[in-house]
Structure formats: structure tokens, C-alpha cells
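Contents: one structure, followed by commentary.
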2 protein chains.
Amino acid sequence: MLQKRQVLADHVFEAVLSLLLDGEVATGSALSIDGLAKRFDVSSTPVREALARLESTGMVRREALRGYKVTAGPTAEDVTDLLVTRQVLEPAMTALACKRADDNFVAELRAINAELERSRHGGESFVGYRPYWKADELFHRHIAEYANNEFLLRAYGSVEGHIQRFRLLVHNDEVSGEHTIGEHQVIINAFADRDETAAKEAMTAHIAAITARAVDLPVFNKPNEQDSV
Amino acid sequence: MLQKRQVLADHVFEAVLSLLLDGEVATGSALSIDGLAKRFDVSSTPVREALARLESTGMVRREALRGYKVTAGPTAEDVTDLLVTRQVLEPAMTALACKRADDNFVAELRAINAELERSRHGGESFVGYRPYWKADELFHRHIAEYANNEFLLRAYGSVEGHIQRFRLLVHNDEVSGEHTIGEHQVIINAFADRDETAAKEAMTAHIAAITARAVDLPVFNKPNEQDSV
DNA sequence: CCGTACCAAATCGTGTAGGATGCAGGATAT
DNA sequence: ATATCCTGCATCCTACACGATTTGGTACGG
């Protein structure tokens, strides 16, 4: 029984989100309302509300009278489209964030990147990779929030879950981690210099580098058989 | 009752959304679950599901154990932030759409702009303005969809409701309508020429013009007293 | 006489339980 | 082999119970 003093629907939302983000449920599989209700020992109403919220994130899809299903794994085209979207949003937000950057903000970014470095060697295991994801996600989200634009943040948030799912595809990769940390460093340095143009270009370069590394992903090399009629 | 009806929650969602987009409920006012349930003659469950979905659009806000409220009317800062966001998203999507543009697409845009011209003289009344909004919204959405990027479209969709609410502030304005139609025409011509750069710049100019016209809005001139503790 | 703190009842959000409806898959008959 | 019916099951909705919040009134203190 989940008994923290908050609303049950919030906990179910978080719990299901963790299931999805940690890849503990197969893509495309059905999410039964009653099943989740029993799993978390609540009734169906909170589950229903949580799933309705999750639908807006695109992580699950709903068919009327047929229930919810986990969104199918991304195709090569999806990965490309997602990175194009990041290329549209994040450099713009980086430039805005740089306008407001102060020493404290730069210090926070350095701390996050240090955490990234520390957790990079977490390792071989799947769960050990989790702190690395979280740190990477936090780095980008911190900049997004600092841009101080409610609507840009909303737009970013609408694809943030998919970015996280993309990270699952990459798994642990020592080389990729090394590049990521270095690229982040360039961005941080631009923030430290209050150089808006440099910061924007550094973020653009970072995402371009992610894109370049993405072509090694399995979805780009294997013909994907997960498309069903 | 039409057989088209799928699930009650969908209808409640549409109904409440219309209430919000048509400005039939005051900004900041409370949305009672039971009240809406009685109003649409359903029970509370479909209403709750509809409101949970609406929350993700930002049109309503939820406080745990305190219910839902219509999001407060935009401040001057909100309007500025929203237009900055459009400036980030829409030119990029316009460029992508231009890559795929064919004669049929251009014809459809011309038809939408013709509808805009036709409904511009609808008039003085409030409801007569509705076809004008819908045509303007459709013009931008049509381009957004044609960009053929699921995630960019999702990001655009996450702020689309707010754009629509912004249109409510403008009310009917003959001069503004004339400018809008002309600016759309420039965009369409660029599409017809398959000139990606020109299309992108035309969209940028269009949103910049909207921004310039926005400074005449009441929220920029009156101290807004709608912020309550 | 006015302001403040406290208390009580109404109100509304939240969660549970149960029943009705519609979909999916398999068996049977043609 | 195709079509039809039937059974199991999950979704969807309603009705009710609980608990938290808010509000209006009252009493106390200044």
C-alpha cells in the first residue's frame, strides 16, 4: 500500500512513469487498468486519471473501449525527428538561459556535470546506468527551466519523455559518455563567459554530435520488425 | 443522440474545451467536477478524465484536494513568451513543410486563406468572429502538420490552446485581419515557389508582425488586476 | 465598537465497489 | 474454409462513502 500523504493518482502516475522510463515494460504491450490497480493496490479511478495524464506525454496511447498500450519503440525516423525537434528547441532555450545566467547557475551546471562524470562508471549493469540518465536529463532540463519561458518549457516537456526513452536505446557506452561530458563542458564555459552566441552554438553542436552518434543505434541498422498491422 | 459517440469522456473533453476556447467561462474561475457532471448529465468519472487531459494543455490548472480552475488570463509577459515560442517553433516547421510542399498543399492553404478573407467581415458580434479564429488556427496547424514531424507537432500542440486563447484577446479587428491575410499570402507564395528560405522568413516576419500588433493589447497598457493572492 | 481567532457545517474532491456494455478469440455448424 | 454464435474479460460508467478544505458565524480580546 502506498500511503504517503499525497493524492493516489499522483503516485500511480509516478510509478507508471518509472516503469516506462526504466524500460520495465515492453514497448507495445497493453497496460490493463485493473491490472495496474491491483499492482499498486488502489482502485481503478486513480489509475484512470494517471493514464489520462500519461497519454498527453505520448508514452502511452489510448484506443476507445480498447484500453491503453505502451507506445511502440521508436523507429529510425522517430529518432531523427526527435533530434530535429531538440535542435529546434534547445539551442533557442540555451540562448535565453544565457541571458539570465549568473555564477550560481553555472555552478549548478558544473555540479550536474560532475555527477554525470561520477556515475559514468556505474557500469555494466542496467540499473547502474540510471543515475547517468538522470544526470543527463537534469542537465538539459535545468537549462530549459532557466530559459524562464513557460511555453517553451511546456513544449520541451511535451517531448522530454521521448528523449528519455531515446536514452534507453543508447544503453551504457563509455565512449559516448566521455563525449557527452566534454560537450556539456563547452556549453558550461560559454555560460560562464555569458556568451549567448557561443552557448547556443555549443548546444547545437552537442545535439548534432548526438545525432551523429545515433546512426550506430540498432534501429538504424536492423530492419525494424516491430511495425505490425 | 448520434451513434458517432464513442465514450463520454471524449465528449466532455470537447465540450469543456469549447467552453474555454470560446471564452464562455471566466478566466480564473473554478471548474467544479460535480457541476460539470450535472451540466452534461454524466457522472463524475468521465468529467475527471476529461479534466485530467485538459490539464496537460495548460488551459486548466489542478491543485490537489482543491479542484480545477481555469487558467488565469495571460499577462503581458505571457503574451511575449508565447510569441517567442511561436517564433522558435513555427518558422522551423514552415521550412520543413516547404520541403514537402506540392501543388495540392498550396491550393489548400489558398482555400484556408480565402475562408479567412470571407469570414473577416463576419463582424461586430462575438460569435461571428469564431469562423475567423478557426480559419487562422487551421492555417497555422495545416503547416505544422505538413512538417511531418511527430514531435514538433506535439510541441506545437502543447501551446496551441494558448495561441487560441491569445486570439480571444485580439477580438475582431478589421485592420489586423487585413494584415494577417496579406502576411499569409506572402507565406503561401513562398510555398508555391518551393523557396524554403523565403517561406521561413515569411513566417518569421508574420509572427514578428503579430508581436508588433500585440503591444496595443489591453494587457500591455493596463495594470492587470487579475492577479490575486 | 472593531478585529481576530476559533469552531461548526456545508461543499467538493477523492477513492471504492459493483454493474452494464462492447470487444476478442475460439468452437461449432454449414 | 468461411461465417456465426458464445464465452471470457477488460473497459467504462454510475452510485455511494470518506475526508479534506473552505466558509460563515460566533465568541473572545483589544
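Everything numeric here is computed off the predicted structure, so don't read it as measured data. Below, chain A is the first sequence line, B the second, and so on; all start at residue 1. All values below come from the heavy atoms of this structure, side chains included, with hydrogens, waters and symmetry mates left out.
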Practice prompt. Flag this pair as yes if the NZ/CZ of B:R53 is under 6.0 angstrom from the six-membered ring centre of B:F13 and inside a 45 degree cone about the axis; otherwise no.
Written response: yes
Discussion item. Given the ring of A:Y146, does A:R100 sit roughly above its face, with NZ or CZ under 6.0 Å from the centre of the six-membered ring and within 45° of the axis?
Written reply: yes
Atom pair distance, as rounded to whole Å: [atom1] in [X] and [atom2] in [N]:
X: A:E63; N: C:dG22; atom1: CD; atom2: P; answer: 17 Å
X: A:R48; N: D:dA10; atom1: CZ; atom2: P; answer: 14 Å
X: B:D41; N: D:dC13; atom1: CG; atom2: P; answer: 13 Å
X: A:L8; N: D:dA20; atom1: CG; atom2: C1'; answer: 14 Å
X: A:K69; N: C:dC23; atom1: NZ; atom2: P; answer: 15 Å
X: A:D34; N: C:dG18; atom1: CG; atom2: P; answer: 13 Å
X: B:E49; N: C:dG13; atom1: CD; atom2: C1'; answer: 17 Å
X: B:L65; N: D:dC18; atom1: CG; atom2: P; answer: 17 Å

Can you tell me how the ring of [X] sits relative to the ring of [Y], calling it parallel under 30°, perpendicular over 60° and tilted otherwise?
X: A:H140; Y: A:H206; answer: parallel
X: A:F139; Y: A:H184; answer: parallel
X: A:F151; Y: B:H162; answer: perpendicular

Base, sugar-phosphate alone, or nothing: which one does [X] contact when heavy atoms must sit under 4.0 Å apart?
X: A:A30; value: nothing
X: A:S32; value: sugar-phosphate
X: B:L31; value: sugar-phosphate

Worksheet item: Below 3.5 Å, does any donor atom in the side chain of B:R62 face an acceptor in the base of C:dG13, or the other way round?
Response: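 Not at all, since no donor on one side and acceptor on the other fall under 3.5 Å apart.
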Worksheet item: Can you check whether B:S43 has a side-chain N or O nearer than 4.0 Å to OP1 or OP2 of D:dT14?
Response: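 For B:S43, the contact criterion (side-chain N or O under 4.0 Å from OP1 or OP2 of D:dT14) is met.
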Discussion item. Between A:R66 and C:dA24, is there a contact of a side-chain N or O with OP1 or OP2 at under 4.0 Å?
Written reply: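 Answer is yes, contact under 4.0 Å.
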Practice prompt. Between B:I33 and B:T45, name the one whose nearest nucleotide on DNA chain C is closer to the 5' end.
Written response: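 Between the two, 5'-proximity favours B:I33.
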